[in-house]
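Worth saying up front: this structure is predicted, and the values here are computed from it rather than measured. By convention in this document, chain letters (A, B, ...) are assigned in the order of the sequence lines, proteins followed by strands, and residues within each chain are numbered from 1.
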Amino acid sequence: MPAWPWGSLTGRGLNMTITTTTLGKGVSQLAFDEGWLEQVHVNLPGANRRAQEILAGRSLKKQWQVAWQLRAVTLIDLTTLSGDDGPSNVRRLCCKAKRPVRQDLLDALGLSHKELTVAAVCVYPSRVADAVGTLKSIGCDIPVASVATGFPSGQTGLWSRLDEIRQAVAAGAKEIDIVVNRTLVLSAKWNELYQELRTCRQACGEAHMKTILAVGELGSLTNVYRASLVAMMAGSDFIKTSTGKETVNATFPAGVVMTRAIWEYYQRTGFKVGFKPAGGIRTAKDALCWLTLIAEELGIEWLQPELFRLGASSLLLDIERQIFTHVTGRYAAAQDFAMA
Amino acid sequence: MPILPFPHVCLGAGKFLARVAFSEPRSLEAALDVAHEAIKTWNGAGVVSRADHLRRLAKEVERSGSLLAVLDSLENAYAVKSVQGEVQNLREVLSNLAIRLRLTSSEFKDWQGHGVVVVVVGNCPLVHLYKLVCPALAAGNAVVLWALHGAWLLTALFAELCSAAGLPAGVLSLLPGMDGVGADVFRKLLAQPGVSAVFCDESNKEVREAAANARGPAVWTLPCLTHPSILVLDGADVHAAADTAIRAAWMSQQACGATIIALASLAPLLESRITSRLACLRLGLPLDKNVDWSGSVLSSEQGVEVKEALDLAVAEGAKMSQAPVPMEFAQKDWVPPTLLSNVDTSCPVVSHPVRGPVLLLLSARTAREARALARRSGPASVWGEDHALLLEVARGLRADTVWINGFDWQNITEEELVCSAFLRPASQPQPSAGSGSDVLATLDQPSKRLPPTSGQPDRPFDLFWGGAWRKPEGGGWRPLLKSGGPLVAQGGRKDIRNAVEAAVKAFSGWAAAYPSVRVRVLDRLAQSFTSNLVSLSAALAEHRDPQLGATALQEARSDIVEAEAFVRSWTAVVKTLHGRSRDLGSSLTLTLREPFGVLAVVSLSESSFLSALVALVTAISLGNTVVLVPNEHNPLPVLQFCQLLGSLDIPPGIINVITGPCQSLALQLAQHHAVDALWYCGSLESCVDVRRASACSPKHVWSGEECPWAWMPEARWSHAQLLHHASRTKTIVLPCGGFFGS
């Protein structure tokens with residue numbers, strides 16, 4: 001039974017019965033609480049304003065900037081999700097994941113003794129085996145994440161979606177990024193969504209479950225907040241903004257709203273759920289903005305791989321270039337660094 | 001001016017900044033001389049030229065924006081981030097003034113600046129600059145700027161910008177002064193004969209006292225700093241409301257704290273959200289652009305005052321959470337951003353909020369209760385989902401700007417008339433033959449006022465309030481003139497109380513009446529003039545010529561006809577008076593016109609009937625209820641007019657008339673907290689007295705030596721002036737946006 005910070009709170013969820021089922025690594029499910037969802041209201045201009053404030057109000061420079069950039073590196077889910085993915089480029093990706101920043105740059109920063117890797121690699125289910133094999137062969141123990149459940153649209157039958165999860169887990173994926181059924185969100189069938197996500201959670205077994213909300217296709221920020229709550233109640237370890245395949249991906253206002261849902265969930269239940277923005281994060285500056293947003297809205301303790309990930313592919317290159325500039329005072333070209 | 005070795009110390013870092021030249025008595029005279037020279041060119045060049053100068057000044061401010069921000073930040077320890085917004089406001093105000101001057105140049109034809117005015121600029125200099133100095137300049141005054149501690153460097157730069165913008169030399173003079181030692185010099189400044197008016201922020205007690213004691217110029221204290229109220233109702237986005245509260249209470253120079261009033265069901269979540277955000281605020285040195293708050297409590301006395309108030313509140317059971325103070329500031333006399341929750345409404349910190357970074361969290365059971373708990377001034381922000389409810393709350397709030405689901409310190413209120421406080425009516429021109437003012441000119445001659453003929457029966461006049469004639473409470477009756485005449489009741493303190501109570505009671509119904517109801521009443525009024533032409537003109541003529549000569553009757557008759565014409569044309573003005581809406585891109589604004597409430601009119605001028613009629617009609621047509629004190633020497637036409645009212649089916653309490661000694665009744669009205677606006681006309685000295693008396697409660701005062709609303713021929717009416725002083729505007733801001741995603 002978690003600590004209950006607002007025992008005296010009326011109006012919001014006092015009548016909620018908590019049935020916690022411990023799954024995965026100490027993550028728990030909550031009974032579905034429709035009343036909580038109904039009380040959620042999100043004001044879009046308010047969220048926009050807050051996002052602007054965070055972006056404009058905190059700037060990081062010099063050695064502090066580099067420190068945050070290196071922290072960002074350790075939080076990256078290094079991703080490749082293309083139709084032409086094959087064993088060779090997945091192998092390259094894994095090698096980059098093991099050594100994300102050029103060794104000479106780390107030496108110059110006095111960090112040669114540190115084992116610096118990204119947080120995970122993220123691939124399609126059929127490439128999981130390649131990734132797991134490569135990482136094992138190069139002696140790197142970061143987890144492999146796999147997208148599943150009809151990624152990116154989720155428009156396949158439940159059985160085939162669940163099957164994908166099982167296939168990925170069987171191939172050795174430690175983390176599963178599932179997509180929510182947008183049809184259920186847009187028709188406000190929250191309970192059905194909850195049941196589906198619970199089934200997925202069970203299919204994941206020991207693996208971590210990251211639920212992709214695909215915020216750009218949910219219609220409103222209120223839906224984003226509600227979907228976040230449902231995903232957390234159903235036992236997600238992480239909630240993730242987008243697949244990267246929608247027209248609107250990880251925007252800061254959506255990030256503000258999702259982190260607030262996480263904050264409220266934590267205040268109520270005592271469970272810390274992770275957050276993963278993904279899609280369109282390409283520059284080091286963007287990455288630091290996301291880190292700032294987390295530090296401001298959730299607190300600095302959220303900035304560790306267990307609770308925060310950045311889904312990205314080309315971001316790493318930009319960060320490496322920034323670090324190069326800091327170390328040498330010169331600007332680098334893309335070909336100066338190892339391909340991901 | 002000699003440069004005295006007076007170190008100006010930066011508040012944030014406590015380091016030496018600059019030596020400041022300090023004003024001494026002979027520099028005052030020099031400054032005033034130049035100002036008097038300059039006023040001729042400044043005023044003479046006309047409105048359009050002034051507008052051009054202000055536009056150029058706005059440009060200069062834009063160019064030196066960052067320097068202004070840095071100076072203010074250095075002097076007063078405001079976080080540079082929050083100051084930037086104020087610099088933008090300064091620029092906006094200047095360019096808006098320039099535009100409005102051009103647009104409304106016709107409004108100014110009968111108005112001019114006071115002349116040479118002293119403006120006191122204190123420790124939130126940017127706000128003082130755009131709320132006091134810029135409007136004073138726009139109105140055509142020459143400004144002598146008395147800069148206090150905290151404004152020295154910034155005002156010096158501003159003066160440089162003024163000269164760079166090509167303002168004639170002397171239009172703005174800068175005299176650095178200080179509290180304490182400088183107070184003597186300040187008193188000397190006020191005693192100078194050339195100063196026409198003094199403007200200062202109402203929060204500046206010392207200056208207010210010094211100015212009140214000087215028997216010289218009129219003193220205007222204007223509210224510059226505000227205390228926003230944030231109402232959080234059903235369906236509110238609590239997170240966004242919490243952001244708003246933080247922005248309102250701690251992120252602006254204009255704020256002196258804020259109050260957040262939440263429904264009881266939302267208060268716990270809100271409290272915990274604000275508390276957790278408090279921990280993430282960055283406190284530090286003012287020039288660090290990442291810093292949210294840098295300890296801008298303005299003096300150590302103020303710090304002590306705030307601390308005492310907080311201690312008292314905590315002793316009474318309030319819960320206090322404060323932002324963690326960084327190590328390097330721990331020693332200082334700092335009050336960090338503070339949230340006070342669970343605080344009783346009877347606690348002094350609620351009824352008299354301290355000027356400090358204190359956010360009060362109150363809880364309410366219903367939206368109605370929340371509205372009642374909101375402060376009666378300053379901007380407000382209302383959060384919720386049901387727009388019908390939000391608009392009703394917004395309409396009922398006493399605030400100049402109400403944000404629906406949003407908030408900003410942006411200067412969004414649109415003033416009807418540019419800076420009315422900074423203007424006075426131009427001297428009345430010579431009346432032309434045959435016009436209405438001709439009649440008044442003859443009326444004003446006391447030699448014509450003869451005792452009435454003894455054949456006339458003496459009719460005792462009672463007091464008229466609550467729709468009926470009532471006996472005075474103890475004042476008795478007195479003949480109008482020493483030698484006899486009709487008996488007129490002598491109202492007193494208690495009669496004022498009764499009349500104001502009747503007016504308050506009638507107000508809510510009258511203000512909420514559908515506009516056409518009020519228009520119908522005005523129509524009936526105008527109609528009654530025609531149908532009672534004979535009796536009314538006889539009453540009017542009687543006092544001019546007791547023998548009721550033909551000329552006097554004729555003149556009176558033409559007056560009544562003109563009065564009717566005025567009521568009709570004013571009805572047209574009111575009927576076509578719509579609010580305004582503006583599209584600001586990300587939001588829409590609605591500007592509404594609202595009555596003040598109870599409006600009291602006291603006129604010592606001799607031509608009381610027609611002027612009183614102007615005041616009455618203007619006030620009630622806009623939804624105010626009126627307590628009128630007619631001229632004690634000539635109350636009969638008004639009283640006769642009241643007798644008509646009975647037959648006109650005007651709701652009781654809308655018009656109340658108390659006769660008696662004007663000056664003492666005026667003071668009673670000025671001190672009555674339920675009187676929301678006061679129009680007063682009398683000698684300069686008595687104007688000052690009335691202003692001082694009315695300072696006890698927020699009250700809109702319109703006063704002047706020459707009756708500012710005096711009767712004048714149709715064409716010369718400045719409708720904007722009358723509207724401005726009989727109603728206030730409220731701007732409701734509706735931010736747009738809800739679409740998200742693809």
Side-chain angles (χ1 to χ4, degrees), chain A residues 5-12 38-51 53-54 56-61 64 182 213-225 242 246-249 251 253-254 256-257 259-261 263-264 266-268 292 295-300, chain B residues 79-82 84-85 232-244 246-247 251 263-273 275-277 279-282 288-293 381 383-386 403-408 585-587 733-742:
Chain A
W6 292 341
S8 61
L9 184 63
T10 54
R12 283 203 170 202
E38 277 164 10
Q39 284 151 10
V40 168
H41 301 281
V42 180
N43 182 268
L44 178 79
N48 285 341
R49 176 71 199 249
R50 176 71 181 137
E53 234 172 51
I54 294 172
R58 303 280 183 259
S59 74
L60 289 156
K61 296 279 182 257
W64 297 282
R182 274 82 105 186
L213 303 182
V215 290
E217 292 177 351
L218 297 191
S220 72
L221 284 181
T222 307
N223 273 353
V224 171
Y225 201 114
S242 10
E246 293 97 41
T247 43
V248 174
N249 288 299
T251 62
V256 165
V257 169
T259 47
R260 284 173 172 178
W263 179 85
E264 199 184 349
Y266 172 60
Q267 292 290 318
R268 277 236 218 169
T292 313
E296 287 285 310
E297 289 285 319
L298 288 170
I300 208 97
Chain B
V80 72
K81 199 162 68 175
S82 73
Q84 276 155 356
V232 185
L233 308 177
D234 261 334
D237 179 347
V238 172
H239 295 278
D243 288 348
T244 295
I246 287 164
R247 212 177 306 133
M251 306 286 183
L263 288 191
S265 56
L266 299 174
L269 179 60
L270 198 59
E271 185 187 340
S272 115
R273 183 65 194 163
T275 315
S276 94
R277 285 285 310 277
C280 288
L281 280 187
R282 282 184 72 93
D288 183 345
K289 67 177 173 180
N290 286 339
V291 157
D292 296 314
W293 199 81
S381 165
W383 289 82
E385 198 188 27
D386 179 357
W403 292 75
I404 305 273
N405 287 330
F407 185 75
D408 210 329
S586 58
S587 58
V733 189
L734 298 149
C736 316
F739 290 152
F740 179 78
S742 42

> Relative to chain A, which of B:Lys81, B:Arg282, B:Met251 shows the most heavy atom pairs under 4.5 Å?
Replying inline: B:Arg282

>> I'd like to know if B:Asp243 pairs up with A:Arg260 as an ion pair, taking the criterion as any Lys NZ or Arg NE/NH1/NH2 lying under 4.0 Å from an Asp or Glu carboxylate oxygen.
In response: yes

> For B:Arg247, what residues pass the salt bridge (Lys or Arg N to Asp or Glu O under 4.0 Å) criterion, not counting sequence neighbours?
Replying inline: A:Glu53

> chain B heavy atoms under 4.5 Å from A:Ala295: which part of the residue, side chain, backbone, both or neither?
Replying inline: backbone

> Between B:Pro735, B:Ala267, B:Ser276, B:Ser586, which residue shows the highest count of heavy-atom pairs closer than 4.5 Å to chain A?
Replying inline: B:Ser276

>> Tell me which of these, A:Gly46, A:Gly299, A:Gly219, has more heavy-atom pairs under 4.5 Å with chain B than the rest.
In response: A:Gly219

>> Once you measure the plane-to-plane angle for B:His239 and A:Trp263, does it fall in the parallel (<30°), tilted (30-60°) or perpendicular (>60°) bin?
In response: perpendicular

> Can you list the residues that meet the salt bridge (Lys or Arg N to Asp or Glu O under 4.0 Å) rule with A:Arg58, with sequence neighbours excluded?
Replying inline: A:Glu296, B:Asp292

> If you take all heavy atoms of B:Asn405 and A:Asn43, which pair is closest and at what distance?
Replying inline: CB-ND2, 3.4 Å

>> Is any side-chain heavy atom of A:Asn223 closer than 4.5 Å to one of B:Phe740?
In response: no

> Roughly how far, to the nearest 0.5 Å, is the CG atom of B:Asn290 from the NZ atom of A:Lys61?
Replying inline: 9.0 Å

> Side-chain contact, heavy-atom cut-off 4.5 Å: A:Arg49 with B:Thr244?
Replying inline: no

> chain B heavy atoms under 4.5 Å from A:Thr222: which part of the residue, side chain, backbone, both or neither?
Replying inline: neither

> With a 4.5 angstrom heavy-atom cut-off, which part of B:Arg277 approaches chain A: side chain, backbone, both or neither?
Replying inline: side chain

